[in-house]
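So the structure is just underneath, and the comments pick up after that.
Here is how names work: the chains are called A, B, and so on, in the same order as the sequence lines, proteins then strands, and each is numbered from 1.
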Amino acid sequence: MMKSIAVVLAFTGFFPSLSLGCSVCFVGKEATMAAYYGTAIVLSLLPLAMVGALAYWVFRRYQQHDSVSAGEYLENNESAYPKQQSAPTQ
Amino acid sequence: MLIGTNVDPTRHQNRQKPPIANGVVGIAIFVVTEVMFFASLISAYLVLRSGAEEWPPWGQPRLPVAATAFNTVVLLLSGLVLFKAYQQFLKPDRVSVSRKMLGLSILLGLFFVLFQGYEWIQLLQFGLTMTSSNYGGLFYLIIGTHAVHVVAALFFLLHTYSMLAPSRIPQLASTEFVVSQIFWYFVVGVWPILYFLIYLV
């Protein structure tokens, strides 16, 4: 399995034209190739950017919510935590 | 009870009230997939178009740029009215105003779809069909897909509109309002891109 993957990667790395799969990709004009590469890059990066942004937004909202909740809880339940006692003085 | 333990005292509270409603996360993920769907359609359009000798092909009718520009303004206006409607919804005792503005937004969206339907009838009469050329096929595929999304988003908005009825508790419609808003903004936001690529360029 790993050997097959390595062979495929080597071929596509050294001979990138082999990875062009359809007639539109390699028979077309320069403009077609440019459109193909441009949209391939956009279609590859767009999902990563959107999912990353979404995950970051959810993470930030949870962080903000946790900090607000913790503050509210401490205001309402101060007795839940022991007060530090000072050492007895003579 | 909590003293001396590592238990986060706020954890239970947090789980009871999530910072983001499940519906909002759901629609956000859905919109991400929809963006990819439209991006793939646009990609196919650009690749096929760049390979054509002449675009639009000889003998095919030209698209009504000015009329669609007017329709674009209507759709953008609908999004703006929806934004204002939500602002009113957040204010106390302004639910009825918000509902009226939401109704106006729905009407503007409905106008957009009907106007586009009228435009399609004209184009079909002029000979632009799904099978007349790549141009016609791509036009109806992309613009038709968008129209289907507009209709679906209108159902979302209508559901929210019904939830804001005086006989119901408006606070319960909060998540529905946000969800339908996100979907509508997506539909409104993707249209200028399609208009630019298909009608103008």
Need one label for [X]: side chain, backbone, both or neither, based on atoms under 4.5 Å from any heavy atom in chain A.
X	answer
B/A52	backbone
B/V24	side chain
B/I29	both

- request: Would you check if the side chain of B/Y45 reaches a backbone N or O of B/F139 as a donor-acceptor pair within less than 3.5 Å?
  value: no
message: Any side-chain to backbone donor/acceptor pair from B/T68 onto B/N71? Under 3.5 Å, distance only.
response: no
Expected list for residues 39-49 of chain A: side-chain donor-acceptor pairs under 3.5 angstrom, two or more places apart:
{"unit_1": "A/T39", "atom_1": "OG1", "unit_2": "A/A35", "atom_2": "O", "d": "2.7"}
{"unit_1": "A/T39", "atom_1": "OG1", "unit_2": "A/Y36", "atom_2": "O", "d": "3.2"}
{"unit_1": "A/T39", "atom_1": "OG1", "unit_2": "B/S43", "atom_2": "OG", "d": "3.2"}
{"unit_1": "A/S44", "atom_1": "OG", "unit_2": "A/A40", "atom_2": "O", "d": "2.7"}

- prompt: Based on non-hydrogen pairs under 4.5 Å, which of A/G38, A/A31, A/A34 is most in contact with chain B?
  reply: A/A31
task: Identify which of B/V25, B/V32, B/L46 forms the greatest number of heavy-atom pairs closer than 4.5 Å to chain A.
output: B/V32
field: Any side-chain donor near an acceptor of the partner, B/Q60 and B/S133, under 3.5 Å
entry: yes
message: Taking the six-membered ring of B/F89 as reference, does the cationic atom of B/R94 (NZ for Lys, CZ for Arg) lie under 6.0 Å from its centre and within 45° of its axis?
response: no
